[in-house]
Every structure is written in structure tokens, then in C-alpha cells.
Number of protein chains: 2
Amino acid sequence: MGSVMRRPTIMDIAKAAGVSKGAVSYALNGRPGVSETTRERILSIASDLGWAPSNPARALAPGGRVGAIGMVVDRPARSLGIEPFFMQLVSGVETELAAAGIDLMLQVAENIDSELEVYRRWAAERRVDGVIIVDLRVDDPRPEAMGVLPLPAVVLGGPGGTGGLPCLYTDDGASVREVVHYLAALGHRRIVRVAGPEDFVHTRDRTAGFQEAARHAGLAEARTVHADYTGEAGGRTTRRLLAAAEPPTALVYDNDLMALAGLGVASEMGVDVPSQLSIVAWDDSALCRLVRPSLTAISRDVFGHGRIVAGMLNRLLAGERVEDRETPLGELQPRGSTGPLTS
Amino acid sequence: MGSVMRRPTIMDIAKAAGVSKGAVSYALNGRPGVSETTRERILSIASDLGWAPSNPARALAPGGRVGAIGMVVDRPARSLGIEPFFMQLVSGVETELAAAGIDLMLQVAENIDSELEVYRRWAAERRVDGVIIVDLRVDDPRPEAMGVLPLPAVVLGGPGGTGGLPCLYTDDGASVREVVHYLAALGHRRIVRVAGPEDFVHTRDRTAGFQEAARHAGLAEARTVHADYTGEAGGRTTRRLLAAAEPPTALVYDNDLMALAGLGVASEMGVDVPSQLSIVAWDDSALCRLVRPSLTAISRDVFGHGRIVAGMLNRLLAGERVEDRETPLGELQPRGSTGPLTS
DNA sequence: TCACGATACTGAACCGGTTCAGTCACCGAC
DNA sequence: GTCGGTGACTGAACCGGTTCAGTATCGTGA
């Protein structure tokens with residue numbers, strides 16, 4: 001008592017062991033320069049003292065790393081809470097980072113400009129060692145900004161348009177083609193896709209796959225309309241579509257939140273799912289299994305994507321060369337919200 | 001060209017301005033010790049050079065702060081993705097922190113022990129300046145652990161059981177009493193509450209409020225059963241309750257995810273909502289408005305809670321004395337999922 | 001027996017800030 | 001004219017690590 005609790009430093013260890021700071025550093029980092037007996041003595045003292053390296057000090061030393069990576073999400077704040085995607089991704093990312101003792105900084109941004117501002121600040125203030133970029137856009141300004149900063153980055157999305165940054169990408173076009181074939185086989189011809197924002201690369205890829213499959217199946221009336229991933233927009237769009245003279249018989253949504261909203265609107269308008277309308281969701285979260293009818297969805301391992309992309313960034317930070325990587329295809333999970341027309 | 005891009009330091013500024021490091025530091029921090037003309041010259045040079053303070057260096061200096069706070073969430077990873085609560089809370093927290101230039105570290109943990117391990121590591125390695133503790137338990141080990149570490153902390157929950165830590169609390173008992181009165185007024189007598197885990201303080205508070213209101217309204221059959229906030233558990237519990245000989249006519253859920261699952265199960269079992277069963281959710285997220293029937297819910301300003309609790313932590317870190325604070329009561333939002341029995 | 005090289009270690013510089021104790025010039029008061 | 005005080009600034013220490021250039025000690029081979 002009396003002495004104020006203070007974090008032990010390597011200097012404390014050095015004094016207790018009767019050696020110099022440098023020797024302690026070598027011992028603790030498993031580097032040559034100390035004898036095995038000395039190393040063990042130092043490690044034991046360090047453990048007795050409850051020593052842990054000061055992260056700021058490590059980061060400050062020449063060539064030091066901050067031991068944290070950053071992620072910025074800039075979808076509309078309103079939808080963020082419900083969007084299962086990000087928390088699952090975050091869980092996966094952290095699982096991978098935890099092993100390396102790396103932390104995750106999370107920021108929500110209003111738009112892509114404030115997102116860039118966050119990256120600039122993080123780089124200037126040395127807050128993070130690298131970042132994971134999500135929701136790649138068409139002509140995305142972020143990859144090129146990363147080149148200037150410089151802030152090592154890995155992109156979730158692509159391929160293409162990543163400005164040389166390593167990326168983890170998915171062939172969404174293939175998944176959407178499977179959905180169209182599935183719906184066409186059920187007899188649907190008026191299929192409309194309620195998509196995410198037009199300037200996302202994966203939206204564009206899905207749209208291309210959708211059009212191609214529709215043309216292939218001879219569905220002249222298939223088309224894509226855009227919304228913004230929020231339940232509100234999904235509901236509004238669905239209401240408009242179902243009120244048309246010849247409403248679609250099948251709707252394909254780009255996330256599960258809009259699909260859920262669509263299901264609600266159909267019910268409100270007296271349109272039965274699936275006998276009068278089939279609904280397919282993207283991003284098969286638990287939501288899809290909770291509602292009635294349960295939602296047919298394209299299921300991807302978002303948690304796994306997080307692990308992989310974090311691993312890629314880790315290796316990039318370690319100075320290794322990192323190749324682009326493709327994820328397994330999303331799998332169509334047929335459930336109660338799709339079926340043949342029975343009118 | 002040829003010169004490698006290097007972050008500018010205050011030494012670079014000092015050289016350019018022809019003054020010492022110390023003078024630059026005084027100028028940049030708005031402290032006395034430099035003339036107004038010199039200060040302006042230094043600021044202008046700093047801006048020209050694109051200087052920003054190195055966070056590790058600032059943190060390392062005596063009395064320096066890391067400029068980051070941490071938050072650990074340890075609900076079951078499965079439910080995390082859909083639980084709107086956390087992302088809304090995070091948004092609110094960050095909005096408040098952004099103004100002070102503070103970052104947020106987020107960690108997901110499997111259980112309360114690994115959560116404590118994270119706090120210990122953060123404190124030992126000086127990763128964060130303080131933490132926000134959520135989901136306070138009965139006999140929670142965390143407040144007391146914080147006293148030892150030492151890591152400044154603010155609790156979202158309580159009051160009581162916070163071991164002296166400042167807290168932001170809600171009178172959940174009052175809200176649940178309002179719900180019971182509302183349902184009783186609609187004619188319901190067999191009301192069951194599907195609650196969160198028993199060892200959460202707010203679960204216990206709600207249970208107490210629920211029992212008191214039930215006794216007051218003469219509802220002998222009202223009771224509480226416990227689940228774990230996941231949709232799966234909410235659905236399973238609902239199925240069991242509705243299969244009983246004399247099933248409840250109203251269910252009150254502790255979050256909206258379980259309420260959503262309950263709604264699905266009711267539909268699956270052919271129980272109409274609201275004519276045969278009324279459903280009330282807690283945490284009024286957009287989900288409640290998207291499904292049909294829309295869910296009556298207790299609405300709270302989770303985003304606002306985040307702002308307030310972050311502000312409290314900020315002031316605590318600044319050395320100010322912080323008082324416990326109560327949030328406004330959650331408001332009952334009656335929607336389509338509740339009504340009188342019409343059997 | 002001596003030179004040589006390897007091993008084990010020390011001392012100091014360095015990272016980029018903050019802060020404290022001085023130094024110096026200048027100004028007003030007596 | 002001198003004294004004291006103040007404002008402006010410098011130089012150096014400090015935070016807690018990492019790393020590099022030396023140095024002392026030892027064993028070994030010729």
C-alpha cells in the first residue's frame with residue numbers, strides 16, 4: 001500500500017533481472033542475443049510482474065505497428081441496425097484477427113466522402129495499420145485514395161476496379177442466374193428484381209447476370225428496379241410494383257431486409273405468398289427462417305468472408321504478396337416463399 | 001521525386017519555421033508560450049505540410065491518452081447479426097465520440113470470461129482509454145474487475161450493482177407495467193412474458209415490474225419464462241406456450257427478434273394475431289414496422305442512449321465527476337399485433 | 001600461447017510527441 | 001539607472017518500447 005499501481009515496464013523487468021533493457025527486449029521477443037537461462041529468468045519475472053507490452057510504445061518504435069485495423073460502413077444509418085450483414089462480417093473479421101492480437105476499429109459514416117475523410121485521418125494519425133473496404137462502387141474513389149495515403153487495404157468486392165488492391169470477390173451473377181432459372185422453372189415470367197443502389201459493383205454484376213438469364217429464358221418482361229437496402233424503400237418499391245396493371249409474379253430482392261418488407265406489403269395488399277407471388281431474398285440471415293412464410297434466399301457464409309478477408313489483410317501487412325480470391329458461390333435455399341402460381 | 005513520402009513531424013515544422021520542437025507543440029495545442037504571429041506562422045506551415053499528430057506518440061507521452069474507447073458485446077454470436085440494438089448503440093456512441101476525435105474499438109466475445117480477458121488485455125497494453133459496459137448482470141463481475149485494472153468505465157444499465165461506476169439506466173419496470181395495464185384493458189388475462197436471460201439486471205427489473213402489475217390487475221396466471229434473445233429460442237418457447245391446454249392470449253417479448261419469431265410460430269400454428277393472440281415487442285426497431293401485422297412495441301431511443309453514455313465516458317476520462325443518469329421511459333407504440341380477443 | 005570468432009550482453013540512439021526548467025530580451029516603475 | 005517581472009522561446013528529459021554498434025568473455029584450433 002502507499003505505492004500507486006503502475007504498469008510494469010521492461011525497465012522494471014531489467015532491474016529485477018539485473019540486465020539491460022535491450023536484453024529484456026530480446027528475451028521477450030524470442031530473438032537471439034540472450035542465453036536460454038537468462039531468457040527463462042526474464043520471462044518468469046515478466047509473468048510475475050504481469051507485464052504486457054505498451055501498444056503505443058511498440059507502435060512508436062521505428063517500423064512499429066499499431067496493431068489495429070479499421071473498417072468503415074456507410075450505408076444509411078437507419079438500415080444499419082437491422083442489416084445482419086455487417087455484424088456477421090465483423091464477427092468473422094475479429095475471429096481471424098484475435099489470433100494475431102489485432103483489434104478492430106469500427107466507424108459508421110454518412111457517405112463515401114466522410115468515409116474517405118476517416119481513412120485520411122486514420123492514416124495521418126497512425127490509428128490503424130490497414131483497412132478493409134466494403135461495398136465497392138463503380139468508379140470507386142477509395143482504392144485510388146488508398147494508393148496516395150498510403151494505407152494498406154483489402155477490398156471485399158470486385159474483381160476489377162480495385163486499383164490494384166487485393167480483393168475477395170463473389171460471382172453474384174452466377175447466383176442470380178440460378179435464381180432466375182429456378183423461378184422460370186416454376187412457371188414465372190414476370191420477374192422483377194428489387195436491387196441495391198445502382199453504383200455498387202455487386203449490384204451491377206447481379207443486374208448483368210439477371211438480364212442475361214432472363215434473355216436466355218426468354219423472359220422479355222424481366223427487369224430490375226433500384227432501392228437502397230432499407231426496409232422502407234423495399235416496401236415502397238414493392239407496393240408500386242404490385243399496384244401495376246400486370247404485377248410481377250416473382251420478386252427477387254438484393255438483401256433480406258427489403259425482402260421482409262416486401263413480404264409485409266404483399267400481405268397488406270392481400271397478395272398471397274407464394275400462391276400469387278414468389279419472393280427470393282439475398283443474404284440468408286436468421287430473419288429469413290423466422291418469418292412466415294419463410295423466405296427462399298441465397299445463402300452465403302458472411303462470417304467466413306470476414307475471416308478470409310481479414311486473413312488477406314493480415315498477410316498484406318506482413319509484407320506478403322496477396323492474390324485475389326473468389327468465394328464459393330452463394331447457395332439457393334428454397335423455402336416457403338417461392339412456388340408455382342396457383343391462381 | 002525520389003524522396004520517399006514520410007509523415008511530417010513537428011520537427012519538420014520546427015525546422016521550416018526556424019523554431020524549436022517545444023514552440024511548435026505550444027503553438028499547435030493553443031497553449032501560451034508563443035506569440036500570436038509565430039503561432040499563425042506555425043499553424044500555416046503545419047497545414048501546408050499536411051501534418052497531423054501521431055497518435056502513438058501522443059499516447060506515449062506522460063499523461064497521454066490513446067484516443068480510443070472500447071466496447072465488448074458477448075451475446076450469442078448467432079443472434080448478434082440481427083439484433084438491431086448494438087449497431088444503433090454503436091452509431092450513437094460514435095456520433096458523440098467523433099466530435100472529440102475518439103475512435104471506437106469493437107470486440108465480440110463468446111462469454112463474460114473472455115470479455116473480462118479483453119478488458120485486461122486492453123488495459124495492460126494500453127489499447128483504450130476506457131470502456132462502455134453493456135448488459136449488466138446480477139452480481140456482475142465486471143464493475144469490480146474494472147476497479148482493479150484500472151480502466152475507466154461507464155455502465156449502460158443499473159442502477160445498483162455497478163460497483164461505483166457511473167451508469168445510464170432505464171426504468172424498464174415502468175414500461176412493462178404500462179404494457180400489462182394496456183393488455184389487461186384489452187381484456188387479456190393469460191399474459192406470458194418471454195424474457196431475456198435471467199441473470200441480466202434489466203431482465204430482473206422487468207420481471208419485477210411485470211409481476212407487480214399483474215398482481216395489481218389481479219392476473220393470477222401471468223408469468224415469465226426465460227429465453228436467450230435469439231429468434232430460435234423465441235420461436236421454440238412460443239410454440240411450447242401456444243401448445244398448452246389453456247394457451248396465453250397475449251405474449252410480451254423482451255426484444256423484437258423473439259417477438260418476430262413468435263409471430264411466425266403463431267402463423268404456423270394457425271393462431272391469428274391479433275384476434276386470438278396479442279404480441280408486444282421490446283426495442284422498437286424498423287423490423288416491427290416491416291412485418292404484418294406490424295408489431296406493437298416499446299420504443300426507446302437506442303441511438304440517443306449511445307450518445308449519452310459516450311458523453312458520460314468522455315467526461316469521466318476528462319477527470320470530471322459523472323453522475324448516474326436515467327433515460328426517458330420507453331414508449332408503448334400500439335400497432336397491429338395487439339387488440340381485444342374476438343373469438 | 002595467441003589469435004579468432006561466436007556468444008551474451010550493454011549503452012545509446014531513435015520513434016514523435018509533451019512538458020518543465022531555464023535563458024534572454026524587453027518594458028515599466030521607482 | 002537599476003531592478004523586477006513578464007513574454008517568447010530553447011534545450012533537454014521523458015514516455016516505453018526496438019534495434020544497432022560496441023565490448024567483454026569464453027572456447028577453440030593452430
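- Atom-to-atom, CE of B:M11 to P of D:dG11 comes out at 9 Å; the value is rounded to the nearest Å.
- Base contact: B:S25 has a heavy atom under 4.0 Å from a base atom.
- Residue B:T38 places at least one side-chain N or O closer than 4.0 Å to OP1 or OP2 of D:dC9.
- Among the protein residues, A:T9 comes within range of the sugar-phosphate backbone only, with heavy atoms under 4.0 Å from sugar or phosphate atoms but none that close to a base.
- No more than 12 heavy atoms of other residues, nucleotides or ligands lie within 6.0 Å of CD in B:E144, so this atom counts as exposed by the packing criterion.
- When distances are taken from the side chain of B:R58 to each of C:dT10, C:dC15, C:dT18, the shortest belongs to C:dT18.
- Counting to the nearest Å, the P atom of D:dA13 and the NZ atom of B:K21 are 12 Å from each other.
- Side-chain N/O atoms of B:S35 include none lying less than 4.0 angstrom from OP1 or OP2 on D:dG7.
- Minimum interatomic distance between A:H305 and A:L168 (heavy atoms only, all atoms of both residues): O-CD2, 3.6 Å.
- Residue B:S54 is classed as a sugar-phosphate contact, given heavy-atom separations below 4.0 Å to backbone atoms only.
- One interatomic measurement links the two molecules: CH2 of A:W51 to C1' of D:dG17, which rounds to 8 Å at whole-angstrom precision.
- Along DNA chain D, the nucleotide nearest to B:G33 and the one nearest to B:A57 differ in position, and the one closer to the 5' end is contacted by B:G33.
- In terms of position on DNA chain C, the residue among B:P56 and B:A23 whose nearest nucleotide sits closer to the 5' end is B:P56.
- A salt bridge is absent between B:D135 and B:R142: the closest approach of a Lys/Arg side-chain nitrogen to an acidic carboxylate oxygen does not fall below 4.0 angstrom.
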